[in-house]
There are 2 protein chains.
Amino acid sequence: MIVNGTKRSTTRSPAGGRGANELCCPPLTDAPMSAQESDELASILTALADPVRLRLLSIVAAEGETCSCNLEGPLGKSQPTISHHTRLLAEAGLIRGERRGKWTWWTLVPERLALVRRQLGGA
Amino acid sequence: MIVNGTKRSTTRSPAGGRGANELCCPPLTDAPMSAQESDELASILTALADPVRLRLLSIVAAEGETCSCNLEGPLGKSQPTISHHTRLLAEAGLIRGERRGKWTWWTLVPERLALVRRQLGGA
DNA sequence: CCATTAGATTGATGATTGTCAATCTATATT
DNA sequence: AATATAGATTGACAATCATCAATCTAATGG
């Protein structure tokens with residue numbers, strides 16, 4: 001079922017040639033990153049580098065599963081703006097959306113956050 | 001000694017009211033973030049969310065200590081551009097610069113990266 | 001079938017950002 | 001003092017981004 005960030009052109013997984021929970025690359029503190037590695041990580045970090053999206057993400061994580069209508073209020077943003085942010089987060093593979101009836105239910109993709117932590121020099 | 005990112009107007013530490021290695025906040029996956037928390041984290045993530053800066057950071061981490069002149073070549077960017085990026089990373093508290101003679105020596109601030117990892121849902 | 005509701009899409013606008021040429025500052029060397 | 005070198009600063013420009021009003025799509029309820 002097609003929803004939000006899932007309308008990407010290619011058939012690639014969330015974003016970048018790997019599954020969200022695959023190992024990928026060593027921490028950036030271990031060895032100089034390649035241009036490709038840095039491009040991929042930067043694209044995920046760009047999705048995270050916004051106050052509204054960080055709070056959105058934390059709400060989704062806290063609620064376990066949330067529809068967009070539960071986000072507009074707490075975040076104080078318009079419906080199109082929320083839709084925009086959920087789309088960016090989904091394209092980055094950080095959340096997943098599932099359409100059920102009128103609502104889209106968003107859930108966290110914890111492995112994706114774990115990948116970021118690891119590449120950021122995770123222990 | 002005044003160098004690069006250190007020219008900020010206030011007397012605050014690296015960026016945000018805390019020292020780089022202080023505890024601050026629980027992971028974003030534990031509870032909804034406040035607007036202030038998300039602003040602070042987003043500002044660090046914004047500094048990280050660029051391919052050139054990620055590679056710059058990984059080179060500094062690998063070398064242990066590097067002058068700007070060792071960055072222009074590997075990163076393929078002009079001198080002002082490198083200076084711009086080191087400044088942003090320093091303002092975010094992710095690297096520290098020390099002027100010695102003609103050179104500025106950059107070092108990683110690992111606690112700052114650790115803080116980001118923890119807030120990103122670190123174990 | 002019509003009205004309502006959730007949310008995605010489009011288009012426009014103001015703000016931010018990455019980049020570099022040109023310039024400036026400070027240090028080192030002769 | 002004159003020259004050279006490392007790097008910071010300024011100014012400009014194109015590209016990207018966050019935001020929202022307006023519109024469109026799809027599903028629900030009468």
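All chains are named by letter (A, B, ...) in the order of the sequence lines, taking the proteins before the strands, and each is independently numbered beginning at 1.
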Within the 4.0 Å limit for protein heavy atoms, which parts of nucleotides 18-24 of chain D are touched? Write it as a string from 5' to 3', B for base, S for sugar-phosphate only, - for none.
SBBBB--
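- Counting only residues at least two apart or in different chains, side-chain hydrogen bond (donor to acceptor under 3.5 Å, both in side chains) contacts with residues 45-62 of chain B comprise B:Arg53-B:His85.
- Every side-chain contact (heavy atoms from CB on, under 4.5 Å) that B:Ala114 has, sequence neighbours left out, goes to B:Arg117.
- For residues 31-66 of chain A, there are no disulfide (SG to SG under 2.5 Å) pairs, not counting sequence neighbours.
- Every residue meeting the side chain to side chain donor-acceptor pair (under 3.5 Å) condition with B:Ser68, not counting sequence neighbours, appears here in chain and number order: B:Trp106.
- For A:Glu63, there are no salt bridge (Lys or Arg N to Asp or Glu O under 4.0 Å) partners two or more places apart in sequence or in a different chain.
- Each disulfide (SG to SG under 2.5 Å) pair with one or both residues in residues 40-102 of chain B, not counting sequence neighbours, appears once here: B:Cys67-B:Cys69.
- Residues in residues 26-39 of chain A take part in no salt bridge (charged side-chain N to carboxylate O under 4.0 Å, His left out) pair, two or more places apart or across chains.
- Contacts between residues 54-69 of chain B and DNA chain C, defined by a heavy-atom separation under 4.0 Å, are absent.
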Without placing hydrogens or testing angles, list every side-chain donor-acceptor pair under 3.5 Å for residues 72-82 of chain A, not counting sequence neighbours.
| unit_1 | atom_1 | unit_2 | atom_2 | d |
| --- | --- | --- | --- | --- |
| A:Ser78 | OG | A:Thr81 | N | 3.4 |
| A:Ser78 | OG | A:Thr81 | OG1 | 3.0 |

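- Identified under the disulfide (SG to SG under 2.5 Å) test for residues 31-65 of chain B, with sequence neighbours left out: none.
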Kindly give the atom pairs (protein nitrogen or oxygen, nucleotide nitrogen or oxygen) under 3.5 Å for nucleotides 12-16 of chain D.
none

